[in-house]
Number of protein chains: 2
Amino acid sequence: MKLITRDTDYAIRAMCVIAKRKDKVVSVKDLTDYLKVPRPFLRKILQILNKRGLLKSYKGIGGGFTIALSPKKISLVKLIEVFQGPIRLSEHKLKKKICPEAKICLLKKRLDNIEKYVKARLEAITLETLIEEAGRI
Amino acid sequence: MKLITRDTDYAIRAMCVIAKRKDKVVSVKDLTDYLKVPRPFLRKILQILNKRGLLKSYKGIGGGFTIALSPKKISLVKLIEVFQGPIRLSEHKLKKKICPEAKICLLKKRLDNIEKYVKARLEAITLETLIEEAGRI
DNA sequence: CATAATGATACTAATATGGTATCATTTAAA
DNA sequence: TTTAAATGATACCATATTAGTATCATTATG
Ligand code: FES
Ligand code: FES
C-alpha cells in the first residue's frame with residue numbers, strides 16, 4: 001500500500017540535490033556518493049526523468065544532469081506518476097471489468113474522496129517546498 | 001499504490017452480506033452465488049476473518065458464517081490490516097534500515113500527515129455505514 | 001584518441017498478489 | 001449409523017510488480 005516506491009523515492013532525493021545545485025551539472029557519481037543509492041538503478045531513474053523532460057542531460061566528460069523545470073513546478077504527483085503511473089487508490093473492479101455497480105457503489109465513492117484529498121496534498125508538495133524548508137533546519 | 005487489495009475487497013463485500021443477514025448462517029456457496037467471486041479464494045479469506053474473531057463459523061451441513069461483532073465496530077482499517085498489515089503509506093527507509101535522517105526528514109513528515117488523515121477516514125468507514133446507506137438507495 | 005560521462009536495452013532476482021488443490025474434521029439429517 | 005454438506009488447515013502455483021544488474025553504444029572534452 002506504499003504511496004511511494006523505491007524508484008520514486010530515489011528520484012525525489014536526487015531531484016532535490018540536483019535542484020539545489022542550480023545550473024551546475026551533477027553526475028551520477030556525485031549523487032551516489034552523497035545518497036548511497038545503487039548506481040545503475042539511479043542511472044536508470046535519471047534517464048527516465050530526462051526523457052520525461054524533468055532533467056536535462058549532458059554527455060561526455062564533466063557531463064551529468066541539471067534540472068529542466070523550476071522546482072516550483074515539480075510536484076510529488078508528477079514524480080509519482082512518472083514511475084508508478086496515474087494515482088489511483090481504488091480501482092474496486094471485479095475481474096478486470098468495470099464493475100456494473102460502480103456508479104452507485106458507496107465504497108468506491110468514499111475511496112474516491114480519499115484519493116482526491118491525497119492527490120491534492122501530493123500536488124502541494126513540490127521540490128521547492130522540500131528544499132526551501134530543509135534549508136531552514 | 002492500491003489502498004485495498006483483492007482479498008480485502010472481497011472480505012468487505014462478503015462481510016457486508018453476512019452482516020445484513022444478521023444471525024442467519026451464510027455459507028460460502030451463498031456468497032459466491034451472489035458475489036461472483038472465486039470460491040476457494042473466498043473460503044481462505046473467510047477462514048482468516050474467523051481466526052481473527054471477526055466472523056463466527058459453523059461446520060457441518062447447514063454451516064457457514066455469522067458476524068462476530070457489531071458492524072459498527074468493524075472499520076475498513078481493521079479489515080485492511082487483517083489482509084495487508086498495518087497501514088503505512090510511507091516507510092521512506094534506506095535499504096531496510098531506518099533512515100538516520102528520519103526524525104528531521106520533511107518528506108517523511110508530510111507523508112505521515114497524509115497517512116494520518118487517510119487512516120482516520122478509513123476508521124470512519126464501518127460495515128454499518130456501508131450497509132445502512134446502501135439500504136437507502 | 002583516451003576517457004569519462006550518459007543512452008539504450010535486455011536481463012535477473014526477490015517479493016507480493018491472486019489464486020488452486022487436497023485432505024482432514026465436524027455436524028445435521030436420512 | 002452412515003452420508004453429505006459444510007468449514008479447517010496447509011501446501012502449492014501462476015502472475016505481476018518491484019528492485020535491481022549488466023552490457024554495449026554514443027557523445028563530448030581535454
Ligand atoms: S465498484 Fe463494484 S462494488 Fe464497488
Ligand atoms: S526518512 Fe530518510 S530521507 Fe526521509
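None of the values given here were measured: they were computed from a predicted structure. In what follows, every heavy atom counts, from backbone to side chain, and hydrogens, waters and symmetry copies are set aside. Proteins come first, then strands; the chains are lettered A, B, ... in the order of their sequence lines, and each starts at number 1.
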Worksheet item: Does the side chain of Asn50(A) get closer than 4.0 angstrom to OP1 or OP2 of dG7(C) through an N or O atom?
Response: yes
Fill in: Integer-rounded Å distance: dT18(D) P and Ile4(A) CD1
13 Å
Worksheet item: Mapping Pro40(A) and Gly60(A) to their closest nucleotides on DNA chain D, which lands nearer the 5' end?
Response: Pro40(A)
Item to complete: Verify the contact: side-chain N or O of Thr5(A) to OP1 or OP2 of dT17(D), cut-off strictly under 4.0 Å; return yes or no.
Response: no
Practice prompt. Rounded to the nearest angstrom, tell me the gap between atom CG in Leu42(B) and atom P in dT20(C).
Written response: 11 Å
Discussion item. What is the distance, to the nearest angstrom, from the CZ atom on Phe65(B) to the C1' atom on dT27(C)?
Written reply: 15 Å
Worksheet item: Quick one: CG on Leu127(B) to CD1 on Ile74(B), what's the gap to the nearest 0.5 Å?
Response: 5.0 Å
Discussion item. Closer than 4.0 angstrom, basic N to acidic O: yes or no for Lys29(B) and Asp33(B)?
Written reply: yes
Discussion item. I need the CG-P distance between Asp9(B) and dG19(C), as an integer number of Å.
Written reply: 11 Å
Discussion item. Side chain of Ile61(A) only, heavy atoms from C-beta on: which candidate in dT3(C), dT6(C), dT25(C) is closest?
Written reply: dT3(C)
Worksheet item: Is any side-chain nitrogen or oxygen of Ser27(A) closer than 4.0 Å to OP1 or OP2 of dT6(C)?
Response: no
Item to complete: Ignoring backbone atoms, test whether Arg6(B) places a side-chain nitrogen or oxygen under 4.0 Å from the OP1 or OP2 oxygen of dG19(C).
Response: yes
Practice prompt. Using a cut-off of strictly less than 4.0 Å, decide whether Lys2(A) has a side-chain nitrogen or oxygen near OP1 or OP2 of dA19(D).
Written response: yes
Worksheet entry | Separation of atom CZ in Arg43(A) from atom C1' in dG7(C), rounded to whole Å | 8 Å
Item to complete: Have a look at Lys51(A) and say if it touches a base, only the backbone sugar-phosphate, or nothing, with a 4.0 Å heavy-atom cut-off.
Response: sugar-phosphate
Worksheet item: How would you label the contact of Lys56(A) with the nucleic acid (heavy atoms, under 4.0 Å): base, sugar-phosphate, or nothing?
Response: nothing
Worksheet item: Separation of Phe41(A) atom CZ from dC11(C) atom P, in whole Å?
Response: 19 Å
Practice prompt. Let me know the distance between CD of Gln47(B) and C1' of dT22(C), rounded to the nearest Å.
Written response: 13 Å
Worksheet item: Yes or no on side chain to side chain contact (heavy atoms under 4.5 Å, CB included) for Arg110(B) and Leu76(A), after CA distance, side-chain angles and deciding distance?
Response: CA-CA 11 Å; Arg110(B) 293 175 165 219; Leu76(A) 285 200; over 6 Å; no
Discussion item. For Tyr58(A) and Met1(B), find the nucleotide of DNA chain D closest to each by heavy atoms; which residue's nucleotide sits nearer the 5' end?
Written reply: Met1(B)
Worksheet item: Between dA6(D), dA11(D), dG7(C), which nucleotide has the shortest distance from any of its atoms to the side chain of Ser57(A)?
Response: dG7(C)
Discussion item. Ring-plane angle category for Tyr117(A) and Tyr117(B), please: parallel below 30°, perpendicular beyond 60°, tilted otherwise.
Written reply: parallel
Discussion item. Heavy atoms only, 4.0 Å cut-off, all strands: where does Gly63(A) land among base, sugar-phosphate and nothing?
Written reply: sugar-phosphate
Worksheet entry | Check: Ile125(A) main-chain N/O paired with Thr129(A) side-chain donor or acceptor under 3.5 Å | no
Worksheet item: Between dG20(D) and Tyr10(A), is there an OP1 or OP2 to side-chain N/O distance shorter than 4.0 Å?
Response: yes
Worksheet entry | No-H, no-angle donor-acceptor pair, Lys59(B) side chain to dG8(D) base, under 3.5 Å | no
Worksheet item: Considering heavy-atom distances to DNA chain C, does Arg39(A) or Asp7(B) have its closest nucleotide positioned more toward the 5' end?
Response: Arg39(A)
Discussion item. Side chain to side chain contact (heavy atoms under 4.5 Å, CB included) for Leu54(A) and Leu79(A)? Distances and angles first, verdict last.
Written reply: CA-CA 9 Å; Leu54(A) 299 176; Leu79(A) 290 175; 3.8 Å; yes
Worksheet item: Rounded to whole angstroms, how far apart are CD1 on Ile45(A) and P on dT21(D)?
Response: 11 Å
Practice prompt. Can you figure out which of dT10(D), dA6(D), dA10(C) approaches the side chain of Lys44(A) most closely?
Written response: dA10(C)
